[in-house]
Amino acid sequence: MTHTPTPVAVPPAPDPHRPHQRQRAWAEVPGRLRTAGVTEPGRLRIIGSLLALLLVAFGTVTAWQVADRSAAADDVVNRSEPLSAQAADIYRSLADADTTAAGGFLAGGLEPRAVRQRYENDIALASRNIADAAAKTSGSDEARAEIELLNRQLPVYTGLVETARANNKQGLPLGGAYLRYANGQMSNTILPAAKKLWDLETARLNDDYRRAKALPWAAWGLGVLALGGLVWAQRRSYHRTNRVFNQGLLAGSAATAVVLLWLVAGHSVARLQLDTSYNQGAKSLSLLNKARIESLQSRGDENLTLVARGAGAEYDNEFRSGMQSLAGKNADGRTGLLAQALALANDAKGRDSIKTAMKDAQAWWALNGKARASDDSGNYQDAVAQTIGGDLKSGKQAKEYTGICFDGVDASIEAAVAHEQQEFQHAANAGRGALTGLGAGAALLAVLGATGVVLGIGRRLSEYR
């Protein structure tokens, strides 16, 4: 029986006129990876590469996020909080100058030298702080606009005050009108600009706090992922070789664990200290600055009530509203800015200063009631003496007057501000210090960990040669 051979397919001969077509390099990569993935050495190379890249990414992201939070904490200590405090000083100096000008006007034609010196010191301090804020601030256009407004309007105000003084020395009633107009400029234009500048700098301070305390979720997530991958790789190695440890992978795991623990501990301490610096420092300072400004404005309204000579009902209402905002209803100390600041004070020194301010505010409220009663009954001389000191209508020296109480409130609040400033500096510096070295340390350990992974995988690969 004859068998017919099965025909064999012969590949076509290459066309000599058509060049050989080869895949591009990038198109060959997936095929090579698939080929490598079916062998153990190939798998080890892929695992080692991915783990090394993951560790480098973990170190890079950790260094970046720590640097960002460290810079924000540094801004809290060295930029935004000082600028916020400086803006509050601008407001306080301007308010005190306005209050002092009204008090000097009540003294009559010959203004006391101490009063004049205090006014000039306030204006000089405000001018220096405005110029310094203009040089230091890197904030929004709004902040620069408020500084420019202060620079333009402050000379206008001082000119009005000088005109009021000149008229007052000559005994002309027009001086009182000029002083009230100057007060209107201060209350309606200058102080609102200073208040807005303060608000803008305080908002920047709060933003820096938010940035400094933000949780580094990306770094934490990469750290957990890297540590999990290293544990999985070691478990895989154990099941395939029965070797308990791979020294390179173990070193990489240790480095990753150290960085992750350091990051969690360092950021937690920094966040705790920054919270403390805010609640027991920055927040208290904000309340105390508001309280001090409220007392200054109340003092100015009290003086202007008498300057108006019977037409000061509006100023008297402002005084009572300001005092209640400062120390509660009828200055009983149960509510108001001083009560809020007292609740935040965390030690005896801070509490004692605020309690003293409360007592002086209560005495101030009571003596103001006596002065208003004297003025309402037509005893203007007694009302002035009970407000700024001097002789009563009876010829006796007024031993108690509201000016002493106001000075007591102002001095006590100033002492509380200085104490809270120290508390803020201590806690904020501790929070910033908790991040010191963390970024550089994390990057270095991550590189060392990646190196350990490469060496550990290389040790395994050498067994296949």
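The 12-atom threshold is not exceeded at CD of Glu314, counting heavy atoms of other residues, nucleotides or ligands nearer than 6.0 Å. More than 12 heavy atoms of other residues, nucleotides or ligands lie within 6.0 Å of CD in Glu162, so this atom counts as buried by the packing criterion. A 6.0 Å sphere centred on CD of Glu120 holds more than 12 heavy atoms belonging to other residues, nucleotides or ligands. The environment of Tyr157 atom OH is dense: over 12 non-hydrogen atoms of other residues, nucleotides or ligands sit within 6.0 angstrom. Atom NZ of Lys213 has more than 12 heavy atoms from other residues, nucleotides or ligands within 6.0 Å.
Residue Ile47 comes nearest to Ala233 through the heavy atom pair CG2-CB, 4.3 Å, listed as atom of the first residue, atom of the second, then distance. Closest of all the heavy-atom pairs between Val76 and Ser80 is CA-OG, 3.5 Å. Of all the heavy atoms in Ala126 and Leu94, the pair that sits closest is CB-CD2, 3.8 Å. Closest heavy-atom contact between Ala219 and Leu263: CB-CD2, 3.6 Å. Closest of all the heavy-atom pairs between Ser353 and Ser412 is O-CB, 3.4 Å. Nearest heavy-atom pair across Leu55 and Thr256 is CD2-OG1, 2.8 Å.
Side chain of Ser286 to main chain of Ala282: no donor-acceptor pair is present (N/O by atom type, distance under 3.5 Å, no hydrogens or angles). Remark: side-chain polar atoms of Asp332 are paired, donor with acceptor, to backbone N or O of Arg334 under 3.5 angstrom. Here the side chain of Ser321 pairs no donor or acceptor atom with the backbone of Asn317 at under 3.5 angstrom. In this structure, Thr99 contributes its side chain and Leu296 its backbone to a donor-acceptor pair below 3.5 Å. Listed for the Thr62 side chain is no donor-acceptor partner under 3.5 Å among the backbone atoms of Gly59. Formation of a donor-acceptor pair under 3.5 Å by the Ser268 side chain with backbone atoms of Val264 is found in this model. In this structure a side-chain-to-backbone donor-acceptor pair under 3.5 Å is present from Gln234 to Leu230. At distances below 3.5 Å, not a single donor-acceptor pair connects side-chain atoms of Arg210 with backbone N or O atoms of Asn206.
Taking CD1 from Ile46 and CD1 from Ile457, the interatomic distance works out to 11.5 Å, rounded to the nearest 0.5 Å. With values rounded to the nearest 0.5 angstrom, Ile190 atom CD1 is found 6.5 Å from Gln185 atom CD. In this structure, CG on Leu197 lies 9.0 Å from OG1 on Thr202, to the nearest 0.5 angstrom. Rounded to the nearest 0.5 Å, atoms CD1 (Ile388) and CD1 (Ile404) are 12.0 Å apart. Taking CG of Asp89 as the reference point, atom OH of Tyr91 lies at 13.5 Å (rounded to 0.5 Å). Atom CG of Asn289 sits about 5.0 Å away from atom CH2 of Trp198, to the nearest 0.5 Å.
At least one side-chain heavy atom of Ser127 sits less than 4.5 Å from a side-chain heavy atom of Leu154. Considering only heavy atoms from C-beta on, Val161 comes within 4.5 Å of Tyr119 through its side chain. Two residues are said to be in side-chain contact when any heavy atoms from C-beta on lie closer than 4.5 Å; His419 and Asp347 meet this criterion. Inter-residue side-chain proximity for Gln65 and Asp68 is flagged as unmet; no heavy-atom pair is nearer than 4.5 Å. By the 4.5 Å heavy-atom criterion applied to side chains, Asp407 and Asp360 are not counted as neighbours. Side-chain contact between Leu249 and Leu51: present, with at least one pair of heavy atoms (C-beta onward) separated by less than 4.5 Å. Side-chain atoms of Arg92 and Leu125, non-hydrogen and from C-beta on, do get closer than 4.5 Å to each other. Looking at His426 and Thr276, their side chains never come closer than 4.5 Å, going by heavy atoms from C-beta outward.
With no hydrogens or angles considered, no side-chain donor-acceptor pair links Asp301 and Gln297 at under 3.5 Å. Judged by distance alone, the side chains of Gln324 and Glu294 never bring a donor and an acceptor atom under 3.5 Å apart. Between the side chains of Thr100 and Arg299, no donor N or O sits under 3.5 Å from an acceptor N or O.
Partners of Arg128 by side chain to side chain donor-acceptor pair (under 3.5 Å), not counting sequence neighbours: none found. In this view, Gln386 and Ser374 satisfy the side chain to side chain donor-acceptor pair (under 3.5 Å) rule, not counting sequence neighbours. Take Ala339 and apply the side chain to side chain contact (heavy atoms under 4.5 Å, CB included) test, not counting sequence neighbours, and it matches Met358.
A salt bridge is defined here as a Lys NZ or Arg NE, NH1 or NH2 lying under 4.0 Å from an Asp or Glu carboxylate O, and Asp207 with Arg211 fails to meet this definition. The existence of a salt bridge linking Arg204 and Asp75 is excluded, since no basic side-chain nitrogen approaches an acidic carboxylate oxygen closer than 4.0 Å. Ion pairing of Arg320 with Asp316 is present here, as a side-chain N (NZ or NE/NH1/NH2) and a carboxylate O approach within less than 4.0 Å.
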Kindly indicate, with the supporting measurements, whether the criterion side chain to side chain contact (heavy atoms under 4.5 Å, CB included) is fulfilled by Arg118 and Asp96.
-> CA-CA 9 Å; Arg118 179 170 175 170; Asp96 190 62; 2.8 Å; yes
Checking side chain to side chain contact (heavy atoms under 4.5 Å, CB included) for the pair Leu337/Arg292: CA distance, chi angles, key distance, verdict?
-> CA-CA 9 Å; Leu337 294 169; Arg292 196 175 187 190; over 6 Å; no
Steps toward side chain to side chain contact (heavy atoms under 4.5 Å, CB included) verdict (Met323, Asn368) | CA-CA 11 Å; Met323 287 295 290; Asn368 174 266; over 6 Å; no
For Gln340 and Lys290, what are the C-alpha separation, side-chain angles and deciding distance, and is it a side chain to side chain contact (heavy atoms under 4.5 Å, CB included)?
-> CA-CA 11 Å; Gln340 295 176 46; Lys290 288 179 182 179; over 6 Å; no
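A cation-pi contact, defined as under 6.0 Å to the ring centre and within 45° of the axis, is absent between Arg372 and Phe319.
Applying the salt bridge (Lys or Arg N to Asp or Glu O under 4.0 Å) definition to pairs two or more places apart or across chains, those involving residues 426-435 are Asp74-Arg432. Evaluation of the ring pair (Phe, Tyr, Trp, His ring centres under 6.0 Å) test over residues 251-296, restricted to residues two or more places apart or in two chains, returns Tyr209-Tyr278. Identified under the salt bridge (Lys or Arg N to Asp or Glu O under 4.0 Å) test for residues 46-59, with sequence neighbours left out: none.
If you run ring pair (Phe, Tyr, Trp, His ring centres under 6.0 Å) between Phe406 and each of Tyr401, Trp364, Trp365, only Trp364 comes through.
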